[in-house]
Amino acid sequence: MKKAVELLKVFDLDKEKDTLASNLPYGKQRKLEIARALATGPKLLLLDEPAAGMNPNETTELMDTIRFVRDNFDMTILLIEHDMKLVSGICERLTVLNFGQVLTQGKTADVLHDPEVIKAYLGE
């Protein structure tokens, strides 16, 4: 229980501790999901399209949250995401898949400028 309360404080959700998760704004629901996952002490955090359905402000807040987790918890984060602004804002390395096959991988800036990635995902 103590760890849960500490995580709520870390994610600035302690004021909503008595609120049903389904009644929280969408962005806070995502933060709560991440806090709940961290409560189990994982070494790997898998985030599958966490920005889906978010508005730009919520996405920016999510980006800050993921950066915070990356910088303050001892774990690897595997992010599956189509929002390139979010991806480029937090990822150090990327692996891009196209129809289940690795298209390219490497440093974020290099991968995002790769002609095959641009063709497949960003449009020519």
Side-chain angles (χ1 to χ4, degrees):
M1 180 71 168
K2 182 179 177 185
K3 186 174 185 176
V5 172
E6 288 174 9
L7 283 168
L8 288 176
K9 285 181 185 176
V10 165
F11 288 95
D12 195 30
L13 294 168
D14 52 317
K15 294 167 205 69
E16 287 93 355
K17 69 178 176 14
D18 296 321
T19 304
L20 288 174
S22 61
N23 292 338
L24 291 172
Y26 196 63
K28 288 189 177 191
Q29 288 180 20
R30 294 293 156 264
K31 287 173 79 172
L32 179 60
E33 290 171 359
I34 293 170
R36 188 177 70 190
L38 293 176
T40 67
K43 293 293 179 193
L44 171 69
L45 181 62
L46 173 60
L47 300 174
D48 187 5
E49 298 193 34
M54 288 188 164
N55 66 44
N57 291 337
E58 291 170 331
T59 300
T60 299
E61 192 172 321
L62 175 67
M63 189 182 321
D64 293 341
T65 300
I66 295 170
R67 272 195 209 113
F68 177 82
V69 171
R70 180 193 66 198
D71 296 342
N72 293 283
F73 291 82
D74 184 29
M75 73 179 61
T76 299
I77 300 174
L78 175 61
L79 176 70
I80 300 169
E81 182 58 65
H82 290 94
D83 184 324
M84 289 298 108
K85 182 179 178 188
L86 176 68
V87 168
S88 65
I90 59 173
C91 295
E92 298 167 359
R93 298 190 55 79
L94 297 178
T95 298
V96 176
L97 302 178
N98 192 21
F99 296 104
Q101 301 296 316
V102 174
L103 187 59
T104 190
Q105 56 187 357
K107 292 181 182 178
T108 299
D110 296 339
V111 170
L112 292 179
H113 290 96
D114 183 289
E116 292 299 313
V117 172
I118 293 168
K119 182 179 175 184
Y121 282 93
L122 305 176
E124 294 187 79

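The analysis underlying the following values was restricted to heavy atoms, covering all of them including side chains, and did not include hydrogens, waters or symmetry mates.
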To the nearest 0.5 Å, how far apart are [atom1] in [X] and [atom2] in [Y]?
{"X": "K107", "Y": "H113", "atom1": "NZ", "atom2": "NE2", "result": "14.0 Å"}
{"X": "L32", "Y": "L7", "atom1": "CG", "atom2": "CG", "result": "10.0 Å"}
{"X": "I90", "Y": "L47", "atom1": "CD1", "atom2": "CG", "result": "7.5 Å"}
{"X": "L45", "Y": "I77", "atom1": "CG", "atom2": "CD1", "result": "5.5 Å"}
{"X": "T104", "Y": "L97", "atom1": "OG1", "atom2": "CG", "result": "11.0 Å"}
{"X": "C91", "Y": "R70", "atom1": "SG", "atom2": "CZ", "result": "8.5 Å"}

Quick check: do [X] and [Y] have side-chain heavy atoms less than 4.5 Å from each other?
{"X": "E58", "Y": "N55", "value": "yes"}
{"X": "T59", "Y": "K85", "value": "no"}
{"X": "L112", "Y": "M84", "value": "yes"}
{"X": "L62", "Y": "I66", "value": "yes"}
{"X": "D74", "Y": "K43", "value": "yes"}
{"X": "L38", "Y": "M75", "value": "yes"}

- Message: Could you report the tightest heavy-atom contact between E16 and D12, atom names first, then the distance?
- Response: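 Smallest interatomic distance, heavy atoms only, reads OE1-O, 3.9 Å.
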- Heavy-atom pair with the smallest gap, counting every atom of A37 and P42: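 Closest heavy-atom pair between A37 and P42: O-CD, 3.3 Å.
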- Message: Do L8 and L20 sit in one hydrophobic cluster, given that two such residues count as connected whenever their side-chain heavy atoms are within less than 4.5 Å of each other, even indirectly?
- Response: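 No; tracing contacts between hydrophobic side chains, which count when under 4.5 Å, never links both residues.
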- Message: Would you say CZ of R36 has more than 12 non-hydrogen atoms from neighbouring residues, nucleotides or ligands within 6.0 angstrom?
- Response: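 Count not over threshold, so no.
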- Task: Could you tell me whether K17 and D14 make a salt bridge, using a distance below 4.0 angstrom between a side-chain N and a carboxylate O?
- Result: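 Result for this pair is no, no salt bridge flagged.
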- Message: With a 4.0 Å cut-off on N to O distance, would you call E61 and R30 a salt bridge?
- Response: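 Not counted as a salt bridge, because no side-chain N and carboxylate O are separated by less than 4.0 Å.
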- Query: Any idea how F11 and F68 line up, ring-wise: parallel (<30°), tilted (30 to 60°), or perpendicular (>60°)?
  - Reply: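 Taking F68 first and then F11, their aromatic rings stand perpendicular (interplane angle over 60°).
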- Task: Can you spot which of D64, D71, T65 makes a side-chain hydrogen bond (donor to acceptor under 3.5 Å, both in side chains) with R67?
- Result: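 When D64, D71, T65 are each tested with R67, the side-chain hydrogen bond (donor to acceptor under 3.5 Å, both in side chains) holds only for D64.
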- Message: For a side chain to side chain contact (heavy atoms under 4.5 Å, CB included) check, start with the C-alpha distance between L103 and V111, then their side-chain angles and the critical distance, and finish with the verdict.
- Response: CA-CA 10 Å; L103 187 59; V111 170; over 6 Å; no
